[in-house]
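Below, each value reflects all heavy atoms present in this structure, side chains not excepted, and no hydrogens, waters or symmetry copies. Throughout, protein chains are lettered first and strands after them, A, B, ... in sequence-line order, and every chain is numbered starting at 1.
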Amino acid sequence: MKYKAGAIEGKWQKRWDDERLFRCPDDLSAPKYYCLEMFPYPSGRIHMGHVRVYTIGDLIARFKRMRGYQVLHPIGWDAFGLPAENAAHRHGTHPAKWTYENIDFMRQQLKELGISYDWEREFATCTPDYYRWEQLFFLWMIKDGLAYRKRASLNWCEECQTVLANEQVNRDGTCFIHDQTPVTQRELDQWFLGITKYADELLAGHEELRGGWPENILEMQKNWIGRSEGAEIDFPLPGGGKITVFTTRPDTVYGATFMSMAPEHPLVMEFARKAGREKEVREFVERVARQDRIARTSEDLEKEGIFTGGHCVNPLTGKEIPIFAANFVLYDYGTGAVMAVPAHDQRDFEFAKKYRLHVEVVIQPEEELSSETMTCAYEGPGRMAGSGPFTGKDSEEGKRDITRHFEEKGIGRGKVQYRLRDWGISRQRYWGCPIPVIHCRKCGIVPVPEKDLPVVLPEDLPYTREKGNPLALADSWTRVACPSCGAQARRETDTFDTFFESSWYFLRYIDPKNGLEPLDPAKMKAWMPVDQYVGGVEHACMHLIYARFFHKYLRDRGLAHGNEPFQRLLSQGMVCMATQECPKHGWRYPEEVDAAGMCMQCGEKVAVGRSMKMSKSKRNVVEPSALVERYGADTARLFSLFAAPPEKDLDWSEQGVEGAFRFLGRAYRLVAQRQKAVSAASRQAGDSGGKGRRVRQVTHRTLRKVTGDIEERYHYNTAISAIMEMVNFLYLVEDGEWESPETSPALREAVEVLLLMLSPFAPHLADELWEKIGCEGMACRQPWPEADDDMARAEEILVVVQINGKLRSRITADADATEEEIRSMVLNDPRVREYTEGKTLKKLVYVPRKLVSIVTS
RNA sequence: GCGAGAGUGGCGGAAUGGCAGACGCGCCGGACUUAGGAUCCGGUGGGCAACCAUGAGGGUUCAACUCCCUCCUCUCGCACCA
């Protein structure tokens with residue numbers, strides 16, 4: 001009677017596989033349900049975060065299948081990316097080999113977990129069969145003017161002779177490989193996608209998503225897109241030309257007493273040259289270029305700047321104002337230049353104080369300000385002052401009037417500005433999808449003709465530790481004839497950002513083998529949108545916005561169907577575990593610490609730190625394979641779902657896992673021990689009254705609760721609790737009752753319902769026990785049982801009584817007692833009388849079927 | 001810094017305006033047993049009590065873990081990690 005997970009799980013995984021149970025045919029024979037989890041990067045092995053997300057997705061997929069849907073539940077590999085190249089650097093393994101080996105290993109791990117995927121739709125994004133289509137999309141985007149080139153600055157390591165990702169730059173601004181080499185900024189021509197063209201639609205789409213997406217994710221996206229309304233205003237240069245700025249406060253232009261420009265702005269050095277200030281300005285610009293971006297946007301950043309030597313004219317006051325280069329102005333936001341209004345912008349105020357610049361108050365709040373005495377900027381609304389014909393107006397009105405004034409004079413215009421920037425997609429990397437363009441000396445940039453796609457990444461390149469991108473060194477690959485003039489030309493050696501691949505993989509799953517076109521629109525129409533998407537909150541802004549953008553673009557090209565790709569989103573929390581640190585040996589893996597909490601290497605007491613996100617670097621990780629081997633996949637799955645609701649962080653606990661294992665063993669023994677009695681029992685569980693009725697009430701109440709928790713609340717931990725309670729209840733049923741014809745039909749029903757409810761959580765165990773009690777087929781293929789409302793309904797209700805806010809009594813009443821009946825029961829209750837005796841009843845609140853609240857004098 | 005979250009027994013959590021602590025872990029006790037770190041049964045927030053308890057302080061309400069304000073602590077994201 002012992003619960004042996006290993007044998008059970010192997011047996012059922014094989015059967016599911018042999019019967020191709022989770023294969024999803026293209027043609028629909030039932031309503032469709034597309035359940036998708038964010039696909040993994042093949043980093044080497046599955047980690048607990050994967051176990052969590054795939055378990056959640058599988059629960060939903062299995063539940064919906066039982067609910068009668070035809071479920072599409074695919075998996076694949078987000079297979080291009082930096083870690084493969086880092087591994088190549090460290091171990092000399094070729095990125096392709098490393099990636100494919102990892103995929104094979106991780107596929108096996110996923111199969112061991114018993115996740116119900118349609119493996120026939122699996123693909124890896126690093127294969128030409130996949131990426132050829134995104135090369136095609138890119139050519140379309142060039143034609144549609146959505147992809148364009150622009151200079152942008154990047155992290156550069158002189159030693160590596162290559163561009164570095166932000167994560168490859170150390171905190172002190174040195175290279176992650178060469179910690180003596182400072183990382184510099186270098187300007188390169190890059191490809192950008194015009195995602196900002198869709199900014200308004202991405203924002204408006206939130207209306208459609210509200211309800212299906214967590215509100216906090218929508219909020220984060222809204223802030224990421226960052227729509228702000230204002231005006232673009234031209235500030236003329238004395239020698240001709242102009243500088244355009246964006247401001248949300250056109251009402252304060254009269255107070256603009258200087259201008260600040262991003263140090264990277266090309267005009268900065270131009271002004272400096274003309275004014276003979278080249279040396280000091282260049283020094284400043286180079287210093288700022290070394291500051292990292294996060295620091296540069298923080299409010300406590302020391303505001304620094306330098307006078308460029310140039311001036312421009314405030315278009316309203318007509319005065320010449322100095323132009324500064326300032327570290328807090330960003331080149332890629334707005335126009336890279338801002339008008340500085342020190343009286344009404346805190347950053348400008350700090351800057352003006354530091355460099356003794358003129359402060360001019362042009363908005364007066366209730367309590368009058370003076371530029372001499374103010375200690376911080378006033379950023380609120382007010383009455384306009386010192387503003388020529390606009391003086392005295394309300395500042396809100398002033399925004400509109402001044403914008404109109406500029407529009408009439410043709411030197412400014414109302415403008416909506418987004419914080420969202422166009423998406424830079426060029427990567428100077430080898431392990432990515434080649435950007436399909438050719439650089440010709442004569443014709444410039446020439447897209448690779450569609451008929452020549454795919455541009456295949458040469459996987460047979462010797463991946464050495466040479467400097468720079470190996471692609472650029474592969475002469476035989478880069479040297480091509482220009483498709484336009486035939487002259488010798490060179491392929492682009494940059495590859496796509498890997499977010500490119502993850503922006504449309506969910507569409508390709510619907511049509512993964514199509515060799516003629518990227519996607520079949522009819523299939524898209526049949527299967528999109530994704531009904532449930534599950535993934536980590538860390539993707540709230542980037543991946544999810546890019547994917548929504550791609551989908552809208554493909555819709556505009558007539559390929560995709562609908563406006564939004566993901567109808568519902570569940571963003572699960574992280575998996576955390578306590579860290580353990582040895583005073584001598586640093587972070588310790590759990591298996592490096594003995595039962596007494598001592599380091600197994602040196603015997604020193606290990607310090608237990610607070611729970612943090614599982615990570616290799618802190619060694620606070622649990623290997624899923626070890627877990628599956630010891631307890632089985634069902635235990636791993638059950639614990640992941642039981643330890644916390646999906647959206648919250650989950651604290652890993654070995655003891656908690658034991659508990660989950662124990663519960664499964666308990667359920668196994670309960671059923672296995674009653675196997676004979678249950679299979680012999682009649683299936684006609686009528687309403688016989690007595691104990692049988694009690695059993696049926698518990699069954700149907702549990703079923704109602706579990707169904708609601710899964711389907712509506714997405715709280716799997718409480719669903720499991722309810723199932724546990726039911727098991728506890730069934731343990732108290734006596735031997736005779738399992739045999740008795742009075743009660744055994746109800747108990748048989750209870751066991752069957754129990755196994756069906758367990759099936760999406762612990763599918764192997766459920767199928768095994770289903771077979772044991774002599775039921776046909778498999779539990780996972782049965783329809784989800786329907787709760788009988790008559791049975792589930794309570795016959796008696798408990799009404800609690802509060803007197804002056806304190807709980808004083810409880811009464812039980814018939815479930816359909818009227819308010820009058822309950823009131824009189826309450827008022828006649830001896831405990832209530834004790835507290836109300838001699839007092840006047842000021843108020844009585846009745847919450848139907850729950851509570852009576854009495855207020856006395 | 002900006003943005004988004006979280007804070008409840010010894011621990012994970014439950015309760016989304018209506019009995020605070022469901023369920024699980026741990027702990028305590030009992031049964032079975034040659035044995036128990038297996039299994040089964042029971043108990044378990046604090047306080048002798050009145051009562052007190054949901055990070056701290058205030059507010060709204062008949063009623064606040066839940067709503068509002070102020071503060072503290074922690075976590076995640078910030079555009080080349082995926």
Mind calculating the distance between CZ (F192(A)) and P (rC80(B)) to the nearest angstrom? 9 Å
Which part of the nucleic acid, if any, lies within contact of M38(A), taking any heavy atom under 4.0 Å across all strands shown: a base, the sugar-phosphate backbone alone, or nothing? nothing
So does R701(A) get a side-chain nitrogen or oxygen closer than 4.0 Å to the phosphate oxygens (OP1/OP2) of rA22(B)? no
Let me know the distance between CD of E501(A) and C1' of rC81(B), rounded to the nearest Å. 14 Å
Under 3.5 Å for both donor-acceptor distances, Watson-Crick or wobble: does rC2(B) have a partner, and if so which one? rG77(B)
In whole angstroms, how far is the C1' atom of rC80(B) from the CZ atom of F500(A)? 15 Å
Will you find, in the side chains of W191(A) and E492(A), an N or O donor that is under 3.5 Å from an N or O acceptor? yes
Give a yes/no on whether any side-chain N or O of K843(A) is located under 4.0 angstrom from OP1 or OP2 of rC62(B). yes
Comparing L807(A) with S853(A), nearest RNA chain B nucleotide closer to 5' gives the residue L807(A)
Is there a Watson-Crick or G-U wobble partner for rG21(B) with both distances under 3.5 Å, and if so, which one is it? none
Any salt bridge linking E725(A) with K705(A)? Criterion: basic side-chain nitrogen under 4.0 Å from a carboxylate oxygen. no
Distance between the C1' atoms of rC65(B) and rA22(B), in whole angstroms? 15 Å
Would you mind reading off the distance between I545(A) atom CD1 and rG77(B) atom P, rounded to a whole angstrom? 16 Å
Residue pair S721(A)/H539(A) against RNA chain B: nearer the 5' end by closest nucleotide is S721(A)
I want to check one thing: is the phosphate of rC80(B), taken as OP1 and OP2, less than 4.0 Å away from some side-chain N or O of R427(A)? yes
Record whether the side chain of Q802(A) comes under 3.5 Å of the base of rG18(B) through a donor-acceptor pair of N or O atoms. yes
Partner of rA38(B) under the Watson-Crick or G-U wobble criteria, both distances under 3.5 Å, comes out as none
W156(A): ring-ring contact (aromatic ring centres under 6.0 Å, His included) partners, not counting sequence neighbours: none
Between rG45(B) and rG21(B), how many Å separate the two P atoms, rounded to a whole number? 9 Å
Using the C1' atom in both, what is the distance from rG5(B) to rC28(B), to the nearest Å? 38 Å
Separation of M542(A) atom CE from rC78(B) atom P, in whole Å? 7 Å
Checking D422(A) against Y148(A): is there a side-chain donor and acceptor pair closer than 3.5 Å? yes
Roughly how many Å is it from CE in M106(A) to P in rA82(B), rounded to a whole number? 15 Å
Reckon S426(A) touches a base, only the sugar-phosphate, or nothing at all at heavy-atom distances under 4.0 Å? base
Partner lookup for rA64(B), please. Criteria are Watson-Crick or G-U wobble with both distances under 3.5 angstrom; report none if nothing qualifies. none
Which whole number of Å gives the distance between the C1' atom of rC74(B) and that of rG59(B)? 26 Å
Taking any heavy-atom pair under 4.0 Å as a contact, classify K222(A): base, sugar-phosphate, or nothing. nothing
Please classify the nucleic acid contact of S653(A) as base, sugar-phosphate, or nothing, using heavy-atom distances under 4.0 Å. nothing
Using whole Å, what does the distance between atom C1' of nucleotide rA38(B) and atom NZ of K4(A) come to? 14 Å
Starting from P on rA82(B), measure out to CG on D78(A) and report it in whole angstrom. 8 Å
NZ/NE/NH1/NH2 to OD/OE distance under 4.0 Å, E501(A) and R427(A): no
Are Y731(A) and rC40(B) close enough that a side-chain N or O sits under 4.0 Å from OP1 or OP2? yes
With sugar-phosphate meaning primed atoms plus P, OP1 and OP2, does Q190(A) contact a base, only sugar-phosphate, or nothing at under 4.0 Å between heavy atoms? base
Contact state string [nucleotides 3-17 of chain B, B base, S sugar-phosphate only, - no protein heavy atom under 4.0 Å]: SSS-S----BSSS--
What contact category does V845(A) fall into here, base, sugar-phosphate, or nothing, at under 4.0 angstrom with non-hydrogen atoms? base
Side chain of L732(A) only, please: which of rC80(B), rA82(B), rG42(B) is the nearest? rG42(B)
Heavy atoms only, 4.0 Å cut-off, all strands: where does E658(A) land among base, sugar-phosphate and nothing? nothing
Can a donor-acceptor pair be found, under 3.5 Å and without considering hydrogens, that links the side chain of Q190(A) to the backbone of I425(A)? no
Under 6.0 Å between ring centres: does that hold for F550(A) and F500(A)? yes
Quote, to the nearest angstrom, the C1' distance that separates rA64(B) from rA53(B). 14 Å
Under the ring-ring contact (aromatic ring centres under 6.0 Å, His included) test against W504(A), which residue among Y130(A), F39(A), Y546(A) passes? Y130(A)
Is any side-chain N or O of R662(A) closer than 4.0 Å to OP1 or OP2 of rC25(B)? yes
Hunt down the Watson-Crick or G-U wobble partner of rU44(B), both distances under 3.5 Å, from any strand shown, or write none. rG26(B)
Phosphate contact (rC40(B) OP1 or OP2) by R666(A) side-chain N/O below 4.0 Å: yes
Answer with base, sugar-phosphate or nothing: what part of the nucleic acid does I723(A) contact at a heavy-atom distance below 4.0 Å? nothing
Looking for any heavy atom pair under 4.0 Å, which part of the strands does R419(A) touch: base, sugar-phosphate only, or nothing? base
Which part of the nucleic acid, if any, lies within contact of R429(A), taking any heavy atom under 4.0 Å across all strands shown: a base, the sugar-phosphate backbone alone, or nothing? base
Roughly how far apart, to the nearest Å, are rC71(B) and rG77(B) at atom C1'? 24 Å
Work out how far the C1' atom of rG7(B) is from that of rU66(B), and round it to whole angstrom. 14 Å
Would the base of rC78(B) count as contacting E538(A) through its side chain, where contact means a donor and an acceptor less than 3.5 Å apart? no
Examine the side chains of D78(A) and S502(A) and answer whether a donor and an acceptor come within less than 3.5 Å of each other. no
Return the nucleotide paired to rU70(B): Watson-Crick means purine N1 to pyrimidine N3 with N6-O4 or O6-N4, wobble means G-U with N1-O2 and O6-N3, both under 3.5 Å. rA56(B)
Check: R419(A)/N223(A) side-chain N/O donor and acceptor closer than 3.5 Å: no
Regarding rG37(B), purine or pyrimidine glycosidic angle vs 90° from 0 gives anti
Base-pairing mate for rC32(B) - Watson-Crick or G-U, with both contacts under 3.5 Å: none
Please report the distance separating the P of rA6(B) from the corresponding atom of rA14(B), rounded so that it comes out in whole Å. 12 Å
About how many Å separate NE2 of H206(A) and CG of L218(A), when rounded to the nearest 0.5 Å? 5.0 Å
Identify which nucleotide among rC51(B), rC23(B), rG18(B) has an atom closest to any side-chain atom of K850(A), counting heavy atoms from C-beta outward. rG18(B)
May I have the step-by-step check of ring-ring contact (aromatic ring centres under 6.0 Å, His included) for F80(A) and Y131(A), ending in yes or no? CA-CA 10 Å; F80(A) 274 137; Y131(A) 65 68; 5.7 Å; yes
